[in-house]
Amino acid sequence: MKKILSRILPTCEEVSHLTSQAMDESLSWKESLKLRMHLRICIWCRNNSKQLKQMRNLARKQAAAQSKQTKLSSDAKERIAKLLNQNNKQ
Amino acid sequence: MNDNSSDKSLLSDPKEWINKYGDVLFGYAFRYVSNRIAAEDLVQETFLAALKGQTAFSGKSSEQTWLIGILKNKVVDYYRKTGREIKLSHPEQMSDSDRDYISTGHDAGSWQPNRRPKAWSVDTNDPVEQRQFWTHLQNCLDHIDSKLAKVYELRDIQEIEYREVCNVLTVTPTNLRVMLHRTRKLLRRCLENNWIGSD
């Protein structure tokens, strides 16, 4: 019985790959079914999946907060404007 | 030459570019290179290329979209020049050589008992924890392979599209998938040991 089950059910290792893959692209229905079936019965893989997503959410939140402050410095603006002006005349 | 001058007539006055598009382009470049000086250089190169009409402006897209298109190519050049090490030459080195999983017997492929991901005991809604997380994440990124850190930075931190990451780092989608899985795993482990473990 265990042998048959293991043929249908993916291992934790496979599920780890699928979990990561699903964060970037949509899985085939077969892959997605495998993933969901395994997650239902495996607490460790559920933790893994939840934590990978949490990490990404937190990181993106921090990055978004920081990117609001990224502006071109006035020095750089001046320098580039000057250069553009010179090149425009040529 | 005729084509060139008619392209230019569609454009706004280059004197206004820096104020109109400077910050947008800079923000865009910064997401890709995470370095102020490099990002400034990219903005400058983009404007100069636009001025020379190296890439013709057809007027079909907005001026800003056109400039961003030029900038994207500059980012690809940037990584070609500075980041040859970004390329993943041996995908087989990326396979799971670590011992997260049981390797033989009928439990093969299951988590090793001491490597099983346990529930995290932190409240991720707490701003203090969020800052802690960020500090530890930066630290962990400093300690892993720089190619892997770059991949994580672009995809999971800067939210750049999967295909776009493949494009700028010139890696195949399959290699990127392997790299991302490996990196996320390493970082999760690192955070578990340092951030979660420190409480």
Side-chain angles (χ1 to χ4, degrees), chain A residues 2-3 5-6 9-21 23-25 38 42-90, chain B residues 13-15 17-19 22-23 25-27 30-31 36-37 39-40 43-44 47-48 51-52 96 100-102 106-111 115-120 124 129-131 133-134 137 152-153 155-159 161-162 165 173 176-178 180-185 187-188 191-192:
Chain A
K2 209 167 180 180
K3 249 186 187 168
L5 262 182
S6 74
L9 289 176
T11 63
C12 298
E13 190 170 0
E14 274 177 73
V15 164
S16 173
H17 283 273
L18 289 175
T19 299
S20 174
Q21 196 182 336
M23 290 166 74
D24 303 303
E25 52 196 315
H38 185 101
C42 179
I43 176 79
W44 319 115
C45 287
R46 274 208 301 282
N47 286 339
N48 185 54
S49 164
K50 189 178 162 197
Q51 288 160 8
L52 292 185
K53 286 172 195 159
Q54 241 170 12
M55 281 162 55
R56 174 149 98 176
N57 289 340
L58 287 173
R60 287 184 171 178
K61 212 169 144 184
Q62 292 287 332
Q66 288 190 346
S67 76
K68 281 185 192 137
Q69 300 154 12
T70 46
K71 291 243 162 75
L72 204 51
S73 69
S74 47
D75 275 1
K77 271 189 183 166
E78 218 172 287
R79 198 185 66 231
I80 296 171
K82 227 178 182 174
L83 198 72
L84 269 176
N85 213 4
Q86 279 168 6
N87 279 269
N88 199 22
K89 279 175 194 156
Q90 280 167 11
Chain B
D13 186 354
K15 276 183 200 149
W17 286 359
I18 191 76
N19 288 324
D23 287 333
L25 292 184
F26 180 74
F30 191 81
R31 280 177 66 206
R36 291 198 79 94
I37 306 217
E40 284 174 7
V43 173
Q44 180 174 311
F47 282 141
L48 288 177
L51 200 60
K52 283 183 194 152
D96 287 346
D100 270 356
Y101 311 102
I102 296 167
H106 43 240
D107 281 335
S110 299
W111 294 97
R115 307 285 265 175
R116 289 169 178 162
K118 292 178 210 64
W120 282 355
T124 50
E129 286 296 352
Q130 290 179 1
R131 274 196 296 279
F133 160 82
W134 188 240
L137 181 68
Y152 191 83
E153 228 175 275
R155 177 69 191 128
D156 278 7
I157 302 182
Q158 299 299 337
E159 233 175 312
E161 289 294 323
Y162 192 74
V165 178
L176 182 62
R177 183 199 294 165
V178 176
L180 273 170
H181 173 245
R182 176 106 183 110
T183 313
R184 285 168 179 154
K185 227 166 81 137
L187 291 175
R188 197 200 67 80
L191 285 167
E192 188 167 88

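Keep in mind that the numbers below use all heavy atoms, side chains included, and drop hydrogens, waters and symmetry copies. Numbered from 1 within each chain, the chains take letters A, B, ... in sequence-line order.
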Task: Verdict with reasoning, B:W134 to A:Q66, per side-chain contact (heavy atoms from CB on, under 4.5 Å) - done: CA-CA 12 Å; B:W134 188 240; A:Q66 288 190 346; 3.4 Å; yes

- [ ] Report, as yes or no, whether the 6.0 Å neighbourhood of atom CD on B:E161 holds more than 12 heavy atoms from other residues, nucleotides or ligands.
- [x] no

Task: Contact class of A:E25 relative to chain B, heavy atoms under 4.5 angstrom - done: side chain

Open item on the list: Determine whether B:R188 and B:E192 satisfy the following criterion, salt bridge (Lys or Arg N to Asp or Glu O under 4.0 Å), listing intermediate values before the conclusion.
Closed with: CA-CA 6 Å; B:R188 197 200 67 80; B:E192 188 167 88; 2.8 Å; yes

Task: Set of ring pair (Phe, Tyr, Trp, His ring centres under 6.0 Å) partners for B:F47, sequence neighbours left out - done: B:W17

- [ ] Check the surroundings of atom NZ in A:K77: do more than 12 heavy atoms from other residues, nucleotides or ligands lie under 6.0 Å from it?
- [x] yes

Task: chain A contact via B:L180 - side chain, backbone, both or neither, heavy atoms under 4.5 Å - done: both

Task: When B:R36, B:R31, B:Q158 are compared by non-hydrogen pairs under 4.5 Å with chain A, the top option - done: B:R36

Task: Contact class of A:K61 relative to chain B, heavy atoms under 4.5 angstrom - done: side chain

Task: Contact leader toward chain B among A:Q62, A:M23, A:R46, A:Q54, where contacts are heavy-atom pairs under 4.5 Å - done: A:Q62

Open item on the list: Within the structure provided, determine whether A:M55 and B:F133 are in side-chain contact (heavy-atom separation under 4.5 Å).
Closed with: yes

Open item on the list: Using a 4.5 angstrom heavy-atom cutoff, name the option from B:P173, B:A108, B:G109 with the most pairs to chain A.
Closed with: B:G109

Open item on the list: Please classify the contact of A:Q51 with chain B as side chain, backbone, both or neither, using a heavy-atom distance under 4.5 Å.
Closed with: both

TODO: Find out whether B:Y162 and B:L176 are in side-chain contact, i.e. whether some heavy atom of one side chain is under 4.5 Å from a heavy atom of the other.
DONE: yes

TODO: May I ask you to name which of B:I157, B:N19, B:D156 has the most heavy-atom pairs under 4.5 Å with chain A?
DONE: B:D156

Task: Which portion of B:A39 sits near chain A, non-hydrogen atoms under 4.5 angstrom - done: neither

Task: Choice from A:C45, A:S16, A:A76, A:C42 maximising heavy atom contacts with chain B below 4.5 Å - done: A:S16

Open item on the list: Under a 4.5 Å cutoff for heavy-atom pairs, which residue among B:G27, B:G22, B:A119 has the most contacts with chain A?
Closed with: B:A119

Task: Contacting region of A:R79 [heavy-atom separation from chain B under 4.5 Å] - done: side chain

Task: Residue A:S73 versus chain B: region with a heavy atom under 4.5 Å - done: both

- [ ] Decide side-chain contact (heavy atoms from CB on, under 4.5 Å) for B:D100 and B:K185; before the verdict, give the C-alpha distance in whole Å, the side-chain angles of both, and the deciding distance to 0.1 Å.
- [x] CA-CA 10 Å; B:D100 270 356; B:K185 227 166 81 137; 3.2 Å; yes

Task: Contact class of B:R155 relative to chain A, heavy atoms under 4.5 angstrom - done: both

Task: Main-chain N/O of A:H17 paired with A:S20 side-chain donor or acceptor, under 3.5 Å - done: no

Task: Leading residue by heavy atom contact count with chain B [cutoff under 4.5 Å; candidates A:D24, A:L83, A:N57] - done: A:D24

- [ ] Evaluate side-chain contact (heavy atoms from CB on, under 4.5 Å) for A:S74 paired with A:E78, printing each intermediate quantity in order.
- [x] CA-CA 6 Å; A:S74 47; A:E78 218 172 287; 5.6 Å; no

- [ ] Please look at B:L191 and chain A and tell me whether the side chain, the backbone, both or neither of the residue comes under 4.5 angstrom of a heavy atom of that chain.
- [x] side chain

